[in-house]
Amino acid sequence: MKIGLYGGTFDPIHVGHLIVMENTLNFMDLDKIIVLPSSNPPHKQNKKKTDTKIRIQMVEAAIKDNDKLMLSTYEANDNSVKYTHQTLDYFKKKYPEHEFYYIMGEDSFMTIDSWRNYEKILNDNLIVFARTSIDENSDLVKKVELIKKDNSKIYLIDNLNINISSTLIRDLVKDNKSIKYLVTDPVKKIIEEYNLYV
């Protein structure tokens, strides 16, 4: 099977995340995507985050009606920092019969040189999705093309640009504005139930 790995803080998970996953399933002909909420992402260690159990609950609620999306708590089992290269190694060793593709956003990809063991990650199957429309002279395209010289297994998806962020949703809730259609109704219900982001 071809399986995508999609990690994130998901604070909260929103329709932008879901559209990226559905688009990736279609565009890359993946069989499944494993969604990996992170309890303590390396780049957000000092940032305030919603309790991991609640973020997991939101992810579960958001993906429950899609049998091609599945939750893994590998990066959320404890409060330790899990690096991307470790996650890739874990899944490749545990399920050697499957082919894994790491899914990342444009912003993460553009700063990947600062990630631990990034050279190792850049040798894996990588799917990068663009947040905004791009042209062939953009920094993102140039970087993808540069890495493609050493790794042909890097794919850029720019056919559907969704620029929604979890920060935007948190800010809207804080300002007592509507988040309808930005998150699924079950996620909205959890945000209201726990009085998140106010």
Side-chain angles (χ1 to χ4, degrees), residues 4-25 33-66 68-84 86-87 102-112 114-116 127-134 139-140 157-158 160-198:
L5 298 173
Y6 188 30
T9 315
F10 302 117
D11 195 9
I13 187 168
H14 52 69
V15 294
H17 294 127
L18 299 174
I19 291 168
V20 161
M21 288 189 272
E22 193 67 18
N23 195 29
T24 305
L25 285 165
I33 290 177
I34 297 172
V35 189
L36 292 144
S38 176
S39 63
N40 197 6
H43 58 295
K44 293 185 180 175
Q45 286 182 73
N46 299 319
K47 289 189 179 175
K48 189 176 177 233
K49 294 174 287 294
T50 301
D51 182 272
T52 307
K53 286 177 186 165
I54 298 173
R55 289 188 284 114
I56 289 170
Q57 195 180 333
M58 287 192 282
V59 169
E60 278 177 320
I63 69 172
K64 69 174 184 245
D65 61 349
N66 189 333
K68 289 200 165 189
L69 303 179
M70 59 183 287
L71 169 75
S72 166
T73 57
Y74 167 73
E75 289 192 353
N77 287 337
D78 52 39
N79 206 34
S80 68
V81 175
K82 297 271 191 341
Y83 293 95
T84 299
Q86 293 173 314
T87 299
Y102 194 80
I103 304 165
M104 63 183 357
E106 171 183 342
D107 44 356
S108 297
F109 179 70
M110 292 306 289
T111 61
I112 197 166
S114 65
W115 292 23
R116 183 171 294 193
I127 300 169
V128 181
F129 58 87
R131 269 185 180 265
T132 53
S133 16
I134 53 172
D139 290 342
L140 176 61
I157 300 181
D158 67 338
L160 189 61
N161 310 118
I162 304 294
N163 199 4
I164 300 171
S165 71
S166 297
T167 304
L168 166 71
I169 291 158
R170 293 195 301 269
D171 288 346
L172 286 169
V173 173
K174 190 175 160 191
D175 294 339
N176 203 24
K177 306 279 189 198
S178 171
I179 55 169
K180 194 171 178 63
Y181 310 124
L182 294 176
V183 296
T184 62
D185 287 341
V187 170
K188 184 171 177 284
K189 195 174 174 186
I190 292 168
I191 290 170
E192 290 166 353
E193 181 187 337
Y194 288 102
N195 212 22
L196 301 178
Y197 314 129
V198 293

Which atom of [X] lies closest to which atom of [Y], heavy atoms considered:
X	Y	result
Thr111	Ser114	O-OG, 2.7 Å
Glu106	Ala130	OE1-CA, 3.5 Å
Ile162	Gly16	CG2-CA, 3.6 Å
Ser166	Pro12	OG-O, 2.8 Å

- Ile63 vs Leu18, side-chain contact (heavy atoms from CB on, under 4.5 Å): CA-CA, chis, key distance, verdict: CA-CA 8 Å; Ile63 69 172; Leu18 299 174; 4.0 Å; yes
- Message: Does the plane of the ring in Phe10 sit parallel, tilted or perpendicular to the ring in Tyr6? Use 30° and 60° as the thresholds.
- Response: perpendicular
I'd like to check [X] versus [Y] (side-chain heavy atoms, cut-off strictly below 4.5 Å). Are they in contact?
X	Y	value
Leu25	Glu22	yes
Ile13	Val183	no
Phe129	Ile127	no
Arg170	Leu196	no
Met104	Thr84	no
Val15	Tyr181	no

Kindly compute the distance separating [atom1] ([X]) from [atom2] ([Y]), expressed to the nearest 0.5 Å.
X	Y	atom1	atom2	answer
Asp11	Tyr197	CG	OH	3.5 Å
Ile169	Ile191	CD1	CD1	7.0 Å
His17	Met21	NE2	CE	7.5 Å
His14	Met58	NE2	CE	11.0 Å
Arg55	Ser39	CZ	OG	7.0 Å
Leu140	Asp158	CG	CG	8.0 Å

- Item | side chain to side chain contact (heavy atoms under 4.5 Å, CB included) involving Glu192 - partner list, sequence neighbours excluded | Lys188
Which donor-acceptor pairs under 3.5 Å do side chains of residues 72-79 form with protein atoms, sequence neighbours excluded?
from: Ser72; atom 1: OG; to: Tyr74; atom 2: N; distance (Å): 3.1
from: Thr73; atom 1: OG1; to: Asn77; atom 2: OD1; distance (Å): 3.2
from: Glu75; atom 1: OE2; to: Thr87; atom 2: OG1; distance (Å): 2.5
from: Asp78; atom 1: OD1; to: Ser80; atom 2: N; distance (Å): 2.8
from: Asp78; atom 1: OD1; to: Ser80; atom 2: OG; distance (Å): 2.5

- Using side-chain hydrogen bond (donor to acceptor under 3.5 Å, both in side chains) as the criterion, list what pairs up with Gln86, not counting sequence neighbours.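 side-chain hydrogen bond (donor to acceptor under 3.5 Å, both in side chains) check on Gln86 returns nothing, list empty.
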- Task: Kindly say whether Asp107 contributes a backbone atom to a donor-acceptor pair with the side chain of Arg131 at under 3.5 angstrom?
- Result: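 The answer is no, because no donor-acceptor pair under 3.5 Å joins these two groups.
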- Asn176 atom CG, neighbour heavy-atom count above 12 within 6.0 Å: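 Atom CG in Asn176 is not packed in, count stays at 12 or less.
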